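Heads up, the thing below is written out as C-alpha cells.
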Amino acid sequence: MSLTGIVRPYGDTTGDGRVQLSFTLPVPFGDETERARAEGAALQLAAKMGMDPAMVVHAKGMGPDFTFFIVYGRVSHLVDLSAVTVTEREFPVLPAAEVNLRIRSALGRKLVVVGACIGTDAHTVGIDAILNVKGHAGEKGLEYYREIKVVNMGSQVSVADLVARAAAEHADAVLVSQVVTQRDAHLTNTREMSAAFRSGLGSQRPLLVAGGPRFDPAAAHELGVDKIFGRGTTPGEVASYLVHALVSQRDPGGWLPPGKERAGAA
Amino acid sequence: MSLTGIVRPYGDTTGDGRVQLSFTLPVPFGDETERARAEGAALQLAAKMGMDPAMVVHAKGMGPDFTFFIVYGRVSHLVDLSAVTVTEREFPVLPAAEVNLRIRSALGRKLVVVGACIGTDAHTVGIDAILNVKGHAGEKGLEYYREIKVVNMGSQVSVADLVARAAAEHADAVLVSQVVTQRDAHLTNTREMSAAFRSGLGSQRPLLVAGGPRFDPAAAHELGVDKIFGRGTTPGEVASYLVHALVSQRDPGGWLPPGKERAGAA
Amino acid sequence: MTGKLNLDPAVVAQARELARLAGQPVTDLARTHTTVSVERAMLRLAGLDGADEDGMPWVNRLTDAIRETTGLEHGVALPAWDAMIAGGYPDLRTLAVDAAAGLAKFRLPMGADAGLAREHATRSVGAGVALIDQRRAERDRMIAATCDPPMPWIYLIVATGDIYEDIPQAQAAAREGADIIAVIRSTGQSLLDYVPEGATREGYAGTYATRENFRLMRAALDDVSRELGRYVRLTNYASGLCMPEIAALAGLERLDMMLNDCMYGIIFRDINPVRTFIDQRFSRQVHARAGIVINTGEDNYLTTADAVDAAHTVVVSQLLNEYFGREAGLADAQLGLGHAFEINPEVPDSFLLELAHAQLIRELFPDAPLKYMPPTKHMTGNVFAGYLLDAFFNLAGVMTDQSILLIGMMTEGIHTPFLSDRDLALENVRYVRRAAGKLGGSFRPEPDGFVAQRARQVLGEATGLLRTIGSQGLLNAIAAGTFGVTRRPADGGRGLDGVVERAPGYFNPAADMMEADQ
Amino acid sequence: MTGKLNLDPAVVAQARELARLAGQPVTDLARTHTTVSVERAMLRLAGLDGADEDGMPWVNRLTDAIRETTGLEHGVALPAWDAMIAGGYPDLRTLAVDAAAGLAKFRLPMGADAGLAREHATRSVGAGVALIDQRRAERDRMIAATCDPPMPWIYLIVATGDIYEDIPQAQAAAREGADIIAVIRSTGQSLLDYVPEGATREGYAGTYATRENFRLMRAALDDVSRELGRYVRLTNYASGLCMPEIAALAGLERLDMMLNDCMYGIIFRDINPVRTFIDQRFSRQVHARAGIVINTGEDNYLTTADAVDAAHTVVVSQLLNEYFGREAGLADAQLGLGHAFEINPEVPDSFLLELAHAQLIRELFPDAPLKYMPPTKHMTGNVFAGYLLDAFFNLAGVMTDQSILLIGMMTEGIHTPFLSDRDLALENVRYVRRAAGKLGGSFRPEPDGFVAQRARQVLGEATGLLRTIGSQGLLNAIAAGTFGVTRRPADGGRGLDGVVERAPGYFNPAADMMEADQ
Ligand code: B12
Ligand code: B12
Ligand SMILES: Cc1ncc(COP(=O)(O)O)c(C=O)c1O
Ligand SMILES: Cc1ncc(COP(=O)(O)O)c(C=O)c1O
C-alpha cells in the first residue's frame, strides 16, 4: 500500500489486475453469426485497451444496430504512483474570521466578488452554494463573510453583461459557473469569457475563477482563467483562495488585480 | 453499421468513443492529498487503457487501503470489424428425428455418451441441462434422443473414474462440465482429463467435449479436447455436433473415434 | 383509487378554493393582456411559416413591423389582414417579406374595413384550428389502429442535440418499451424570442424545438408505433418566451404531450412573471383544443429546495396549475401534474416519505395523469447507487398508481443519457413493473402511521401556504421566493417588453376561438 | 409478529406433527449409529490436534488404527484411553503417532479397565467441552462489551481462497456494515474425510476450513468488533464428511454461526444419506452446547428446482430441520432456517410471490433467526440487472422481517466477489434498510388477495408432501428426488463406509455429555 510504488487494479487478490468495462458498439446482435462477430469486436476493443484475458459477460442487442457489452478482465498496465503529480493546494484553508481579518487589514475595504452562471446555463445551485449565506456542506457561503461584498447575477448571464457589471462594481474577482458540458459548452463559454475580460479590461481585469462539476482543475491556464474549482468545492476553499490570490500576495509583490489599484486609490 | 468497416464505441453520438470503466486500486482515500493522488492514479490507468479524456466520476475509499473508481471517457481505439474472425459453426443444427436417423443408419446402434462434472465441481445444472430429458431453453436433452444412450455420472467425478467408466461403456463421446473457474480450476481439470484419456486409451479415446459458462470456445485444441461449448449452449447443438463429429464424417473418412471401430465390429 | 390516507374531503375542497382565489387575479391579467408570442402564435395558426435568410421567422418580422407602426394593443390580426386586403397580398408570407423590408403599410382599420379584416383573419386562423382538430382526430385513429398502452406510461428522454441522432435513439427506446418520447430542448432555446426553423443538428444538451423537428420525430414514431402495435407519444416543451407559438406548432404536428407550467419559466428561466402567466393561458387553450396532455414542472422546485421541507410547495403549485389549466379549458385527463422523487437518500425513511407524498398527490388529483419524475439531485457519479435509486423511484411509481413515469438514468449525475443508459433504465422499470406492479394492493398505510401522518401534514402545510399566498398575492409570493427558494419580482426577468395591455377592440381570432371553445 | 396471512393454526400444528413423524425414524438411526467423523470429533474435543507430515490429522490416524483392530462399533474412546493407560502414553498425540506407525496396541477393555478408560476419556473430553463453555461465555462478554447489532443482520461472504486476503476483506466488509462474515470453503473440502491443518492460502473459490483459519479470522474480527463497538459474527460450514469435527472446532474457536443442514450434503455433495443424518445430529448437539446458530440450506433447492414449483419443498425441509434441530437440543433462537429469493425475474408478480413465501416462513417460525438468501440462479453477467434484483431481495427481507440477510453480489453470475462488489452490495442494503426499513408496517396483504392465497397454497402443498414423506419414509423420499429434483438413494453417495452401527456398550463421552445436556 505504498504511496510511491507500483500498483495494479485489485479484484480480490493483490495484483490480479481485474477491471470492469462497459460500452456500446454500433454492431447488430441478431443471428448467431452477428452475435459472434459482435462479441469478437468487443473483445478486440478490450484487447486494445490492454485487457487480457477479457471476458464478455453480457451482451445485449439494442434495436437492430447496436449492442451493449459488459466485459470483465485483467489489465497488465502498471500504475506508477510516483508518477502521479498531485498539485497540492497552493493555499491554506482559513477560518472565516481569519479571511475577514486579512481582507480588512490588507485592503481596508470589502473585497468585491461578482458571480454568474454564463451562457445559457441555468444551473445556479452550484454557484449559489458558494455565494449564498446558506452555503454548502455545512459551510456558509461568501455572502456570510463580513468583508466580502457579493454580487450574484444569477443564471444565463451574457458575457457582455458580466464584463460590464464587473467593471461597474470594481470587482476584485469574477466567479463563473458552468454545469452543462455537452459539446464542451463549458469550455467554449469559459474561453469566451476570459477573452472578453482581457480585451475589455486588459490588465485591469479582475481575478477570474471558474467552477463546475465537470471541469478539470488543471485546465485553468488553457482556458485563460486564474483558477478552476471542481465538484465538491466548499465556500471556505474559495474564500481562502481569494485571500491567497488577492490579499496575501499583495505585500510579497504577487499578481495584483490592477482594477484594485485604482479602487484602492480612489 | 457495416459489418466490415471500422467502428468506435457509441455513447450518444456516432464515433464519440465513450466507455465506462470501474476498478479498485490498493491506494488510500483519506485526506485531501490522498484523494488527489488516488484520482491521479486512476486517471493514469485510464490513460494507459487509451481513455482520453477520462473523468473520474466516482471515487470511494473502502477501508484504509483501497479505493473504488468509476471512470467515464473516450477511447480512440478503432474496432476493425473485418479483423474479427468468427468461426462459423462447422456443423448444421439438426432436428432430433434427423439426429436419430443419422445415428441409426450410420452406426446401426446407439451412440454412447458419458457425462460428468469433474474435479470438485458440484455444479450439475449445466450438464444436466444438456443431458437430462428435461433439457434447456425449451429443447429436450440428449436422454430424449432414442438413438443416444446417456450415462450421467453426476458431479465431483474423479478423472480416473471417468476414464474407467468411459472405457467400460465403450463411450463414443465424453462430456465434461466445469463451472468453477477460480484460479483457472476449469482449465487445469480439463487438461488433466484429456491427458488421462490420451495416456489411458490412446487412439481408442472417445470424442472429448468440455462445457461451461466461462470457457473460451476457441481453446479446445490447447486444452486437448475436441470441442468446447460455452454459456447458453442448447442440447440440440450438442447432439448435432456429436452427429457431425462421430457419424456424418464417418463415410467421408473424417476422424473416427477408434474405440468405435472396435465396438462397431464387436 | 380508494383513499388510503383518510384525507379530510373538507380540507381538500378548501385547498382547491384557496387556489382559485389565489389564481383569479392572475387570470384577469391574462384576459386583459397579450404578448408578442400570443400574436405570433395566431399568425402561425393562420399559416405563416418560414424564416428570412438570417433564420428570423416571418411571424416575428411581421409582428415587429406591426408593433412599430400600430402597436400591439389591438392585436396584429386587424392591421395584418387589413394590409393584406389593402395591398392585395396573396398571403401572409408575401406581406411579411414586404413588412420586413419596410415596404408594407399598416393601420388599425375601422368600420367595414375592420369587419373585412376580421372576417379574413378569422377564416385563415380557422383553417389552422381545423388542422389542429384534424390532427387530434388523426391521433384518435392512430391509437385505435395501434393500441393505447396501459398506464403507467413509460416516459423517456432523448437529448443528443441532433434530430437525426435523436430519431434512431427514440425508436430504439420505443422498441424497448418507452410509451412516450420527450425530445429535450437545447439549453438556450427558452430564452430565444423566436422559434428556430427547419431540421437542426447542433443543440447543446438537447435539440431545438422546431416545427420540422416535430414533424420528423412524429413521423418516425408513427412508423415505430405501427411496427409495435402500440401508440408511442411524443412530447416537447411549450415553455420559455415562445410558449404560445410552440403550443400551436405542437397542435399542428400532432405532438401528444407538452411540458407546460404556469411558473417554471419564471422560476427556472428568469422569464418575466406577467409574460409567463399570459403566455401560459393562451398555450393551454391551444393544448385543450389539440387534445394535448400538459406536464407541469413541480419536480423542479425540489432541485433547488429540499424535497422534505418544500413538499407542500409542490402541492400548492399543483393546485394552482390545476386551477389555471381548468380555467383555460383543459380537462382533468389533460393535467399531467408533475412531482418528483427527490428526497436525499441519506434521510431515514426516505422511501416512506416519498410514498406519502406520491400517494397524497394521487388522492388529491384522482383523474389527472400524474407525471412522476425520477431522482436527479441526489444522483452522483456512482452509477450503481443511481440505478438502485431509480428502481425505488419506479417502485414508488407503481405502488402509488402514478400515470406517467419519467424513467431515471443511472448517469444523471454525469452526462445526458447514452443509448445504453436508456436501455438499462428501461430494463429497470420493466422489471419493477412486472415483479411488483401489483404491490400497491398490499400497500395499506396504517391509519395513523408514519405515512398517513406525513401525508396529512403536507396537505396541512399546503393549505396554510395557499392562505398566505391568497392574502399577499401570487406575484408577491413568487417575488418572495415561495417556489424553489428563488425570488422573481413581477417586474424582473426577460420578456416583459413583449407584454401589452389589450385595448378595447383588441382582436385575436385564435384567442376568440379558443375562448368560445371552453 | 402479528399474523398477516391468516394462517390456520391447526394446519400449522399438523404440519409440525407430520414433520416429527417423518423425522423420528431417522433420529432413531442416528441414536444407534456412529461415524468416523463423530469419533474423530470426540478425539478433537479431548484435545487431539495436529497432523502428520502428509497433512493427515492425528485424529484420522488414530481412528483408522483403532478401526482396523477393534472396529468402531464400541466407539474409539474405550480402546484409545485403554491404550493410553496401558501404554503409559502422556497424551493422545503420542499415542496417535505410534498408532499410525503400527506400534500401538488396541483392544476393547472390559470390566475395571473399561471403567478406568471411561473415566479418563470423560475427563479429557470434559475439558474440551468446558473450553466450549468458556468460549460461549467469552462471546457473551464480547457482545456485552461491544454491542449486539439489531436484526436483520447483514451477512457477507469472503471467498478469496487465501486466509490472508480474506482477513482484510472481511474487516473492510465489517467496517462497511457487515454484521456477519462467512468464509466460504474451497470447492473440494466437503468431500475430504479429514479436516486440513493450519493457515491456508490456496483454496478454489473459497478458503479451507481449518482450526487455525478459524482462529485467525475470529481474532481479526474481534479486533474490528472492538474498533466498531459492534460484535461481528463469524460463520463457517459444518457440512460435508467432517461435519461433526468442524462443529467441534467451531465451538473451540468461538465461531458464532455454522452452515449446517440435515440434507444439504446428501443432495448437493452426494454424501451418503445415513452418514449425513448421523453426523448432523452430533454436530447439532455440539452447536447447541456452543451457543452457535445454525444456518440451514433450503435455498439450495431453488437452484436446481424451480422456485415457484418447489416453494413447498423449502417449507417441508425447514420443518424437518426444525424437528431435527430441536431434537438435538438447539433452541429456536439457534435455528437459522434458510430460504431464498430465487424466482425467475421474468415471472409476472415475482416480487409478490417472494413476499408471500418469505412472510409465510416468517409466520411459521416466529422465533427462528431466519436466514434469507439472495438471488443467485437468475443473476447473469448484467451486473446492473443483478444490482437491481439484489435490491429487491433486500427489500423483501426488510418487509417481511427476516433475521439474517445474506447480501447478494452483482457479479454472482461471473466470479467470486471482488472487494468492490462487496462494498457496493453493502451500500445497496444500507440504502434499502434506511429508506424502506419500516415499509413492513404498511405491508398488509389483502386477506384473500394474491399474497395471502399464495402463502396458504404453499403451506397446503407442504402439508401434503409431508404426509407423503411420512408414508414412504424420508430416506425413500430423498431417493425419489423430492428435494432439489436430485435423487439420492440411501445406499449411494460418499461416506457410507464411515458409518457403523453401535454395539451394546458403545461409549462416546462427548455424545453422552451432549445428550445429558438436552
Ligand atoms: C438541479 C439540476 C437542474 C435544475 C437547475 C436549477 C437551478 N436553478 O440550478 C433544472 C431542473 C432547472 C435543470 C435544468 C436543466 N438541466 Co440540469 N441538472 C440538475 C442536476 C439534477 C443537479 C445539479 C446541481 O444542482 N448540483 C448540485 C450542486 C451543488 O453541485 P455543482 O453544480 O457541481 O456545484 C458544486 C461544484 O461543481 C462547484 N461549483 C459549481 N459552480 C461553481 C462556480 C464557482 C465559481 C466555484 C468556485 C465552484 C463552483 O461548487 C459547487 C458546490 O460544491 C444535474 C444532475 C446531477 N445530479 O448533477 C442536472 C444536469 C446538470 N442538468 C443537465 C441538463 C442537460 C439540463 C437541461 C439543459 C436539460 C434540458 N435541455 O432541458 C435543463 C436546462 C437548464 C440549463 N439551460 O442549463 C445535465 C447536464 C449534462 C452535461 N454534463 O452537459 C445534467 C448533468 C443532467 C443530465 N445527466 O443530463 N437542471
Ligand atoms: C446453482 C449454483 C450452485 C448450486 C449447484 C447445484 C447443482 N447441483 O448444480 C450450489 C448451491 C450447490 C452451488 C454451490 C457452490 N457454488 Co455455485 N453457483 C450456482 C449458480 C447460482 C448457477 C449455476 C447454474 O446452475 N447455471 C445454470 C446452468 C444451466 O448454466 P451453465 O452452468 O452455464 O450451463 C450451460 C452452459 O455453460 C453449458 N454447459 C455447462 N456445462 C456443460 C458441459 C457440456 C459438456 C456442454 C456441452 C455444455 C455445458 O450448457 C449449459 C446450458 O446452456 C452460479 C451463479 C450464476 N448465476 O451463474 C454459482 C457459481 C457457479 N457458484 C460458484 C461457487 C464458487 C460455488 C461454491 C464453490 C461456493 C462454495 N465455496 O461453497 C459452491 C460449491 C459447489 C462446488 N464445489 O462446485 C461460483 C463460481 C465462481 C467461479 N467462476 O469460479 C458462481 C459463479 C457464483 C459466484 N459468483 O461466486 N452453486
Ligand atoms: C415544465 C417545464 N418546462 C420546461 C422545462 C425545460 O425547458 P427549457 O429549460 O428548455 O425551457 C422543464 C424542465 O424540465 C419543465 O419542467
Ligand atoms: C447448508 C449448507 N452447507 C454447506 C454448504 C456449502 O458447503 P460445501 O459445499 O463446502 O460443503 C452450503 C452452500 O452454500 C449450504 O447451504
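FYI, side chains are in, hydrogens and waters are out, and symmetry mates aren't considered; it's all heavy atoms of this structure. Here the structure is a predicted model, which means the values were calculated and not measured. Throughout, protein chains are lettered first and strands after them, A, B, ... in sequence-line order, and every chain is numbered starting at 1.
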Check whether [X] gets within reach of chain B through its side chain, its backbone, both or neither, counting any heavy atom under 4.5 Å.
{"X": "Val86(A)", "answer": "side chain"}
{"X": "Val93(A)", "answer": "neither"}
{"X": "Arg231(A)", "answer": "side chain"}
{"X": "Val57(A)", "answer": "both"}

Can you measure from [atom1] ([X]) to [atom2] ([Y]) and round to the nearest 0.5 angstrom?
{"X": "Phe68(A)", "Y": "Gln20(B)", "atom1": "CZ", "atom2": "CD", "result": "7.0 Å"}
{"X": "Met49(A)", "Y": "His77(B)", "atom1": "CE", "atom2": "NE2", "result": "5.5 Å"}
{"X": "Ser22(B)", "Y": "Arg18(A)", "atom1": "OG", "atom2": "CZ", "result": "13.5 Å"}

Locate the shortest heavy-atom distance separating Gly40(B) from Val84(A); write the atom from each residue and the value. CA-CG1, 3.7 Å
Which heavy-atom pair separates Gln44(B) from Ala83(A) by the least distance, and what is that distance? NE2-CB, 3.8 Å
Pairs of heavy atoms under 4.5 Å with chain B: top-ranked of [options]:
{"options": "Leu45(A), Val79(A), Asp12(A)", "value": "Val79(A)"}
{"options": "Ile70(A), Val19(A), Thr13(A)", "value": "Val19(A)"}
{"options": "Ala36(A), Pro213(A), Ala41(A), Gly50(A)", "value": "Ala41(A)"}
{"options": "Leu43(A), Thr85(A), Asp16(A), Leu78(A)", "value": "Leu78(A)"}

Does any non-hydrogen side-chain atom of Pro9(B) lie less than 4.5 Å from one of Thr24(A)? no
Crowded around Tyr144(A) OH? As in, over 12 foreign heavy atoms under 6.0 Å? no
